[in-house]
**Student:** 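Sharing a structure here in C-alpha cells format.
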Number of protein chains: 2
Amino acid sequence: MAQKVKLSTIADALGLSTATVSLALRDSPLVADVTREAIKEKARALGYIYNRRAASLRTSRSGIVGVCVHDVMNPFYGEILKAIEDELDRRRQTFLLCNHYDDLAKQRSFVDTLLQLGADGLILSPALGTSVDELSMAEENGLPVTLIARSLEGSGVSAFRGDDRYGMGLVVDHLASLGHRSIAYIGGTDATSTGRDREAGWVEALARVGIRPRPEWRIEGPRDRHSGFDAVRRFLAIPERPTAIACFSDLVALGVMYGLARSGIRPGADVAVSGYDDIDEAAIAMPPLTTVANGQSEVGRRAADALLARLAGQPSDGRVVLIRPELKIRSSSTGAASAAGGRPSP
Amino acid sequence: MAQKVKLSTIADALGLSTATVSLALRDSPLVADVTREAIKEKARALGYIYNRRAASLRTSRSGIVGVCVHDVMNPFYGEILKAIEDELDRRRQTFLLCNHYDDLAKQRSFVDTLLQLGADGLILSPALGTSVDELSMAEENGLPVTLIARSLEGSGVSAFRGDDRYGMGLVVDHLASLGHRSIAYIGGTDATSTGRDREAGWVEALARVGIRPRPEWRIEGPRDRHSGFDAVRRFLAIPERPTAIACFSDLVALGVMYGLARSGIRPGADVAVSGYDDIDEAAIAMPPLTTVANGQSEVGRRAADALLARLAGQPSDGRVVLIRPELKIRSSSTGAASAAGGRPSP
DNA sequence: CTGAAAGCGCTTACAG
DNA sequence: CTGAAAGCGCTTACAG
C-alpha cells in the first residue's frame, strides 16, 4: 500500500488545517459548506481511512459494545443477539461478541479486553459463578454493564429476562389440565437464575394442582440437544414412568423427543413433552413442540436500549425486568396429529 | 472511579520512567528482575489497566482479528468458529465476530470498521456477490484476508473449504448403490462456490451411474431448516416422485425430514434422505441422518493458522485448499431401524 | 469560518 | 540496566 493517508494528508493537499478537516468529516456546522464538500471529496479520492484508535484515545469513546453469552450457537441466545445487533447497528456501535462457555476465566479475559480497548459498555449473560465483584470492577473502571437472560442478585445491575417461574407454571398447569398427574422435569441447573426459576415454577405449579413431585422425576443437568437425547435413558429407568415431561428448554426437549423416538416411544402420543423458549424450530418439529415464547427479541432490544441510555448519561436503575412469557400449545403435549390447536386428550 | 492509572502513575510512584515501566510489564529482559517485580506488584496494587488503543496507535498492531460469516447461529459455521476461536485464543488475539447475512453493505461496513480499528487480519466467508475488488481493497490497506467455506475465483486470496463436489458425489454414489434411480437435490444456490460445487457433484455423479436428472428434481433455494421444511410441498408435487433426496446441508435435510413426517411420509423408510456437514445433531436425529463430514474444525484451524502465519510476515500463497470429506451412512438413507451400519435396501 | 498547539497513553530508538 | 524525548493520528479548547 502507498503512504498512509491521514487528516494531515488531506489538509496539506487542500491548504487547510487538520482541525478543519476533522470537523468537516464529522459534519460540523462550523465548517463552510463548500469547504466541507471539497474535503469530503478529497478524502474519498485519496482513500482516507478514519483511525478510530487515535480518535478514541483522544475522546475516550470507542464505539465498541461487548456482548458476552454462554454460547452464540444456541438459538435461544441467537434471537436475543439478533435484536441487540439490530439496535446497536442502528446506533452505529461496533459489537464485539464472545462466548464464555460458563468459564469464568474466559469471561474475565473478555472483560479485560474490553477495558483495554476502552469499550463503551457490556451486555452480559453472566457465566455460572460470576461474582458481584466482577461486575463492580467493570463498572468502577468505566464499563457500564447490562445483564440479559440471567440476573445476579445483589449486583445492583439492570437485568432483562423472561419471567421463568411464571412461564414454567403455565406449562405445568397446561399439562395438568390435560390430566397428567406425573410430570417429570428434565434439564437445567440451579447454578443459574434461569435454572432456579424454571424449576421453582415446576414445583410451585405442581403444588397448586395438588401433586407432590417425586425426587426421581427431576433429571438435572441437560442444557442442549445432545444431553437431552442422552437423558432419555435415565427417564425410561424411572419406576412408574411419568406420563409427561417438561423440559428446561426447547433444545433439551427436541433432544428428548429424538431420544424417545429412538426408543420406539412416540412423543405427543405416548408421552407428552414440552419445551421452553419457542425457538424457530419448535413449530416445525415432529411433533410440533408445545413451549413458552420467552420474548427473546424484547429482551435483546430492551437490554440494548438500556445500555445505550446509560452511555447517553442516564444512571442505571438496577432493576430486574421480567418479560412476561406466553404458552404455545402444540401437539407434543396434546397428541393431536396436526400442528394447529390444542385439543385435550388424557 | 478514581483518577485513571497509567504508566506514568506507576513510574512516578516508584521513581522510575515510563519507558522502564512499559518494558517491565511486557517482560523485557532489559529490565532487572527486582525492578520488574516491583513494577508488576505496583501495577496490580493500583489496578492498572493497559490501554490498547494507545499502544496500538503507536505500534500499529491491534491484536484484533475479524471473523465474518453468513450467520454464526448456523451450526455449520459454529464448528468452524469454535476451531478459529481456540486457535486465536491461544495466540492471544481478540476475535471480532460479525454476521453479514449475505448483505454486501453489512460486510463492507464490517471491513471498514476493521480498517478503522487497525485490525491485524480478517477471516471471511464472503457474502454472495462479493467482488474481488473488495478483498484487494482490504489487502491494500494492510488487512490480510483468509477465506473460509467459500472461495472467490481470481481473488488470489487463500481459501480453506471442503471438497464439496467430491463429497456430494459420495452421497449420490451411495444412494445409487442402494438402488435409487431418481434422486432429487434440494437446497443451495449457484451464487456461492459451495452451492455450485455441491450441485455439480450431484450432476456428475448421476452421470457416472447413467442417470439423467430431470429438471424438476432440482429444488433450488433452501439453506436452513425452515426453508427445507417448506420445500417439501414442492417435492411432493413432482410427478413420478423421486425415491431419494440429497440435500444441500444437514439443516435443510433436517427440515425436509420434519416436512416429510408432517405429511405422513417416513424419511428413511419411504424416501431416502441425505444431508451434508455432519453437524452434531445429525447422529441423534430421527432417523439418524446420512451425511458428509466436512472437516469444519480443520477448515477453521487451518484458516486461523494461515492468517497467523501471514501476520508473522509470511506471504500469502493464494491457494484454495480443499479438505477431503467423508461419507457417514446412517438410517435416513438405508432405512435400517437403528442408527448403526448401512445395510442396503432397494 | 479557519488555524496553531496541546494532549490522549503508549512504545521505541537513542543515549548514558 | 534506566531515562529523556519524540511521535502514532486524532480532537478540542482557544484565538483570531
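Lettering follows sequence order; numbering is per chain, from 1. Keep in mind the model is a prediction, meaning the values are calculated, not measured. Note that these values count all heavy atoms, side chains included, but never hydrogens, waters or copies made by symmetry.
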**Student:** Output yes when A:Glu41 and A:Arg44 qualify as a salt bridge under the 4.0 Å nitrogen-oxygen rule, no when they do not.
**Tutor:**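 A salt bridge links A:Glu41 with A:Arg44.
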
**Student:** Under 4.0 Å between a side-chain nitrogen and a carboxylate oxygen: does that hold for A:Arg302 and A:Glu87?
**Tutor:**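 Between A:Glu87 and A:Arg302 there is no salt bridge, as every charged N stays at least 4.0 Å from the carboxylate O atoms.
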
**Student:** Taking atom P of C:dG7 as reference, at what distance in whole Å does atom CG of B:Leu57 sit?
**Tutor:**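 Whole-Å distance recorded here is 17 Å.
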
**Student:** Indicate whether any N or O donor in one side chain lies under 3.5 Å from an N or O acceptor in the other, for B:Ser151 and B:Arg161.
**Tutor:**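 Their side chains do contain a donor-acceptor pair, which is all the 3.5 Å distance test asks for.
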
**Student:** For B:Ser28 and B:Arg36, work out which heavy atoms get closest and say how close.
**Tutor:**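 Closest approach of B:Ser28 to B:Arg36: O-NE, 4.2 Å.
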
**Student:** Would you mind reading off the distance between A:Leu7 atom CG and D:dC8 atom C1', rounded to a whole angstrom?
**Tutor:**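 Whole-Å distance recorded here is 13 Å.
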
**Student:** Take N1-N3 plus N6-O4 or O6-N4 for Watson-Crick, N1-O2 plus O6-N3 for G-U, both under 3.5 Å. Which runs of 3 or more such pairs involve DNA chain C?
**Tutor:**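 The stems are C:1-3 with D:14-16, C:5-12 with D:5-12, C:14-16 with D:1-3.
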
**Student:** When you compare the side chain of B:Leu135 with that of B:Leu152, does any pair of heavy atoms fall below 4.5 Å?
**Tutor:**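 Yes - at least one pair of side-chain heavy atoms lies under 4.5 Å apart.
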
**Student:** As a test of reading the structure: which of C:dC10, D:dC10, D:dA4 is closest to the side chain of A:Arg58, going by heavy atoms?
**Tutor:**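 When the side chain of A:Arg58 is considered, D:dC10 is the closest of C:dC10, D:dC10, D:dA4.
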
**Student:** Would you mind telling me which residue lines up with the more 5' stretch of DNA chain C, B:Arg26 or A:Leu16, judged by nearest nucleotide?
**Tutor:**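 On the 5' side of the pair lies A:Leu16.
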
**Student:** Does the pair B:Lys42/B:Glu37 count as a salt bridge with the N-to-O cut at 4.0 Å?
**Tutor:**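 The answer is no: the pair does not qualify as a salt bridge.
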
**Student:** Give a yes or no on whether a salt bridge exists between A:Lys40 and A:Asp27, defined as a side-chain N under 4.0 angstrom from a carboxylate O.
**Tutor:**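 Result for this pair is yes, salt bridge flagged.
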
**Student:** Among D:dG9, C:dA5, C:dT2, which is the nearest nucleotide to the side chain of A:Ala32?
**Tutor:**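 The answer is C:dT2.
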
**Student:** Nearest whole Å is fine: how far is C:dG9 P from A:Leu117 CG?
**Tutor:**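 One finds 16 Å between P of C:dG9 and CG of A:Leu117, rounded.
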
**Student:** Heavy atoms only, 4.0 Å cut-off, all strands: where does B:Gly15 land among base, sugar-phosphate and nothing?
**Tutor:**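 Here B:Gly15 touches the backbone only, sparing every base.
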
**Student:** Closest-nucleotide mapping onto DNA chain D: is B:Arg36 or A:Arg53 further toward the 5' terminus? I mean the 5' end.
**Tutor:**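 Final value for this comparison: B:Arg36.
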
**Student:** Could you check B:Ser17 against A:Tyr48 and say which one's nearest nucleotide on DNA chain D is further toward the 5' end?
**Tutor:**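 It is B:Ser17 whose nearest nucleotide is closer to the 5' end.
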
**Student:** Mind calculating the distance between CZ (A:Arg52) and P (C:dC8) to the nearest angstrom?
**Tutor:**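 From A:Arg52 CZ to C:dC8 P: 22 Å.
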
**Student:** Looking for any heavy atom pair under 4.0 Å, which part of the strands does A:Ala19 touch: base, sugar-phosphate only, or nothing?
**Tutor:**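 Base, at least one base atom sits under 4.0 Å.
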
**Student:** Distance check: side-chain N/O of B:Thr20 vs OP1/OP2 of D:dG3, anything under 4.0 Å?
**Tutor:**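 For D:dG3, OP1/OP2 do have a side-chain N/O of B:Thr20 under 4.0 Å.
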
**Student:** C:dC8 P sits how many Å from B:Tyr50 OH, rounded?
**Tutor:**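 So the two atoms are 18 Å apart, to the nearest Å.
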
**Student:** Does A:Ser56 put a side-chain nitrogen or oxygen below 4.0 Å from OP1 or OP2 of C:dC8?
**Tutor:**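 Answer no for this pair, as no side-chain N or O of A:Ser56 is under 4.0 Å from OP1 or OP2.
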
**Student:** Between C:dT11, D:dT11, C:dG9, which one does the side chain of A:Thr59 approach most closely?
**Tutor:**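 Within the option list, the nearest is D:dT11.
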
**Student:** Rounded off to whole Å, could you give me the CG-to-P distance for the B:Asp12 and C:dG9 pair?
**Tutor:**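 Nearest whole value for this atom pair: 13 Å.
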
**Student:** Between C:dT2, C:dC10, D:dC1, which one does the side chain of B:Lys6 approach most closely?
**Tutor:**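 Closest nucleotide to the B:Lys6 side chain: C:dC10.
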
**Student:** I'd like to know if B:Asp89 pairs up with A:Lys106 as an ion pair, taking the criterion as any Lys NZ or Arg NE/NH1/NH2 lying under 4.0 Å from an Asp or Glu carboxylate oxygen.
**Tutor:**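 Salt bridge present between B:Asp89 and A:Lys106.
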
**Student:** For a quick check of understanding: with a heavy-atom distance under 4.0 Å over all strands, which category does A:Ser8 fall into, base, sugar-phosphate or nothing?
**Tutor:**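 Nothing: the residue A:Ser8, judged by heavy atoms under 4.0 Å, touches no strand.
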
**Student:** Considering only side-chain heavy atoms of B:Val31, which listed nucleotide, D:dT2, D:dG3, C:dT2, is closest?
**Tutor:**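 Of D:dT2, D:dG3, C:dT2, D:dT2 is nearest to the side chain of B:Val31.
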
**Student:** NZ of A:Lys4 versus P of D:dC8: gap in Å, rounded?
**Tutor:**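 Atom-to-atom, A:Lys4 to D:dC8, this comes out as 11 Å.
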
**Student:** Distance check needed: D:dA4 P versus B:Leu23 CG, whole Å only.
**Tutor:**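 B:Leu23 atom CG is separated from D:dA4 atom P by 14 Å.
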
